2 protein chains.
Amino acid sequence: MTLTELRYIVAVARERHFGRAARACHVSQPTLSAAVKKLEDELGVALFERTPAEVRVTALGERVIAQAQRVLEQAATIRELARAGADELAGPLKTGLLPTVGPYLLPGLIPLLHKRAPKMPLVVEEHPTEALRHRLKDGALDAVLVSAPFVEPGVVTLPLYEEPFVLALPADHPLAHKKSLSIEALRQENLLLLGPGHCFRDQVLSVCPVCETPSGTEHSIQRTLEGSSLETIRHMVASGVGITLLPCTAAHGYSKKILAVRRFPGEQPVRRIALAWRASFPRPKAIEALRRAVLACPLECVRFLAHAVPVAA
Amino acid sequence: MTLTELRYIVAVARERHFGRAARACHVSQPTLSAAVKKLEDELGVALFERTPAEVRVTALGERVIAQAQRVLEQAATIRELARAGADELAGPLKTGLLPTVGPYLLPGLIPLLHKRAPKMPLVVEEHPTEALRHRLKDGALDAVLVSAPFVEPGVVTLPLYEEPFVLALPADHPLAHKKSLSIEALRQENLLLLGPGHCFRDQVLSVCPVCETPSGTEHSIQRTLEGSSLETIRHMVASGVGITLLPCTAAHGYSKKILAVRRFPGEQPVRRIALAWRASFPRPKAIEALRRAVLACPLECVRFLAHAVPVAA
DNA sequence: CATAAGCGATAGATAGAGCCTATCACGGCG
DNA sequence: CGCCGTGATAGGCTCTATCTATCGCTTATG
């Protein structure tokens with residue numbers, strides 16, 4: 001039994017005439033006759049009674065043809081489903097990003113993407129790098145925004161922008177007004193840090209000066225704040241608890257009279273935010289739309305990498 | 001799109017593995033891969049995301065496969081319909097017969113046929129010959145029992161039995177006891193006749209003697225009883241209104257003290273009852289069952305023609 | 001009554017679809 | 001680094017869906 005054969009018997013039943021039915025199906029009359037006969041043989045029943053005057057549908061044929069029509073309708077809805085879903089820019093895109101990225105990127109990204117791909121809602125999750133990696137691999141996420149390097153077999157990674165780290169400190173802190181600023185100057189400062197697992201924490205530690213201690217090398221005086229976010233740390237800095245390094249996109253929002261933000265001179269510490277997706281993900285246009293939307297985001301302090309080349313691991 | 005392809009994608013979705021799905025479908029893995037790809041190309045969408053670790057069903061794929069399952073179920077119903085209807089001895093057989101046959105044949109025929117083909121109810125209509133002819137040709141009836149000759153293009157006719165005409169008359173009628181009986185003796189009798197359109201009326205007239213009248217040749221004194229049946233005529237004969245000729249199967253039922261029934265000696269007038277059906281009717285076994293059931297009917301006064309050969313016009 | 005026309009079935013030929021085996025490319029794993 | 005398992009690809013074969021041409025039957029018509 002084939003869908004073609006079902007189309008043929010429905011046509012014959014409708015036209016009550018093999019020749020007309022064949023024309024309606026755009027095949028020759030022998031083709032249609034043979035197909036009908038083949039189906040009748042396969043089913044072991046006569047669907048039509050051929051008389052010289054007319055083609056009559058048997059009692060059983062009526063039921064079979066009604067059912068065939070149902071099958072054809074259902075098959076047609078498959079095509080409709082496909083047509084409706086053929087647009088890669090339709091349907092939710094499951095996206096994951098770092099907690100140190102989301103709050104500062106999404107407010108600009110979401111409206112942009114909604115304008116460019118209105119039928120593609122962005123479903124967003126925030127997780128640390130390793131959770132993002134895992135959820136990307138097992139299909140829970142379609143795309144992730146992480147900090148480079150991000151190497152994973154079967155995953156394509158594409159850097160989107162470089163984001164300098166800036167120093168955030170209370171407005172009345174001595175370093176807020178010192179002419180020359182260097183990383184070294186942080187050695188004796190009380191540095192507030194995100195909890196372990198946050199890649200930004202590790203990046204901060206890797207650029208900060210270390211100090212000698214009895215137990216070996218240690219970083220400057222620091223307080224790790226478990227379960228906190230950049231936002232809470234910023235509030236704490238503003239309230240005078242200590243200083244911190246922030247991605248530049250996370251530095252704004254406080255009055256300068258309370259919170260001072262300073263760039264480092266010369267070669268600045270940076271992180272490189274990259275977009276990553278499974279190489280096999282079947283909606284490349286959705287990825288591309290997301291990429292372009294990120295590049296168009298109003299992030300004033302970052303350096304966009306519009307012409308970076310995707311790298312597959 | 002083919003039903004085979006739909007089967008394949010459903011299997012892949014179920015097994016989440018091309019190789020296992022191929023085994024489940026009893027085809028090689030490349031065959032299945034190619035078929036899935038062909039369907040995806042035709043629909044213009046990706047149904048599966050192939051990763052080294054596993055095969056993932058896309059969001060759209062989920063919907064397409066659910067729909068495909070529905071299509072396959074509906075297609076399976078066609079097979080079930082056909083299987084249930086493959087028995088030619090199942091389903092009603094639309095049968096028509098003469099009003100002068102039905103009341104005398106059916107009481108014996110129905111139980112016999114019900115025993116031999118329990119799943120084939122006999123749907124019965126009584127009509128005059130021409131109405132039967134018309135309804136047979138246009139498919140309203142599948143088989144008819146008529147009086148031969150019955151010639152019709154595309155229709156096969158097969159005589160089943162010969163039925164003598166007998167004389168019915170009041171028990172106190174002179175002819176009821178006369179030793180020698182001949183058709184000629186009816187010349188002056190009051191002959192009761194069915195209305196025009198009944199073939200039996202014509203058959204009776206064709207065997208009865210005619211008498212000369214001023215306006216030409218006419219039959220013996222007769223009364224045509226419009227809208228009547230053999231039954232009513234028989235009652236009228238019993239009540240003494242006149243005499244009549246009856247098919248022998250219609251002669252029984254009255255006490256001999258009231259209604260006398262006499263055969264004619266020698267060559268008897270007869271009618272030949274035949275079974276007729278469209279040559280193209282697709283249930284020959286149903287016709288054969290009906291034929292055998294008629295031949296097995298307890299009609300004591302008829303001569304069965306068990307070995308007659310079907311004749312197509 | 002013979003001829004012509006209409007219809008579905010049949011015959012023979014051809015192109016394509018479906019299927020196979022063998023092999024490749026790629027990632028995972030010891 | 002080589003081996004295994006996966007799905008994709010290549011090459012070849014068979015079957016089938018389709019075509020054109022024709023037949024056989026029935027009906028309409030001169």
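Keep in mind that what you see is a predicted model, and the values were worked out from it rather than measured. Letters go in sequence order (proteins before strands), and every chain restarts at 1.
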Under 3.5 Å between N/O atoms: give me all the protein pairs with nucleotides 5-10 of chain C, atom names plus distance.
from  : atom 1 : to      : atom 2 : distance (Å)
C/dC7 : OP1    : A/His17 : NE2    : 3.1
C/dC7 : O5'    : A/His17 : NE2    : 3.3
C/dG8 : OP1    : A/Phe18 : N      : 2.9
C/dG8 : OP2    : A/Phe18 : N      : 3.4
C/dG8 : OP2    : A/Gly19 : N      : 3.1
C/dA9 : OP1    : A/Arg50 : NE     : 2.6
C/dA9 : OP2    : A/Ser33 : OG     : 2.8
C/dA9 : N7     : A/Gln29 : NE2    : 2.9
C/dA9 : N6     : A/Gln29 : OE1    : 3.3

Whole-Å distance between [N] [atom2] and [X] [atom1]?
| X | N | atom1 | atom2 | value |
| --- | --- | --- | --- | --- |
| B/Lys38 | D/dA8 | NZ | C1' | 18 Å |
| B/Glu49 | D/dT6 | CD | P | 18 Å |
| A/His26 | D/dA17 | NE2 | C1' | 17 Å |
| B/Leu32 | D/dT6 | CG | P | 14 Å |
| A/Leu3 | D/dA17 | CG | P | 13 Å |
| A/Glu42 | D/dA17 | CD | P | 10 Å |
| A/Glu5 | D/dA17 | CD | C1' | 10 Å |

Check this for me, if you would: do [X] and [Y] make a salt bridge, where the nitrogen-to-carboxylate-oxygen distance has to be below 4.0 angstrom?
| X | Y | value |
| --- | --- | --- |
| A/Glu40 | A/Lys37 | no |
| B/Arg70 | B/Glu73 | no |
| B/Glu288 | B/Lys285 | no |

Open item on the list: Looking at D/dC19, I'd like to know if its phosphate oxygens (OP1 or OP2) sit under 4.0 Å from a side-chain N or O belonging to A/Ser28.
Closed with: yes

Sequence neighbours excluded, the answer for ring-ring contact (aromatic ring centres under 6.0 Å, His included) partners of B/Phe200 is B/Phe165

Note to self: Using the side-chain contact (heavy atoms from CB on, under 4.5 Å) criterion, which residues pair with B/Glu125? Sequence neighbours excluded.
What the structure shows: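 Residues passing side-chain contact (heavy atoms from CB on, under 4.5 Å) with B/Glu125: B/His127, B/Arg135, B/Leu141.
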
Does A/Tyr8 reach a base, just sugar-phosphate, or nothing at all? Heavy atoms under 4.0 Å. sugar-phosphate

**Q.** Within 6.0 angstrom of B/Arg50 CZ, more than 12 heavy atoms from elsewhere
**A.** yes

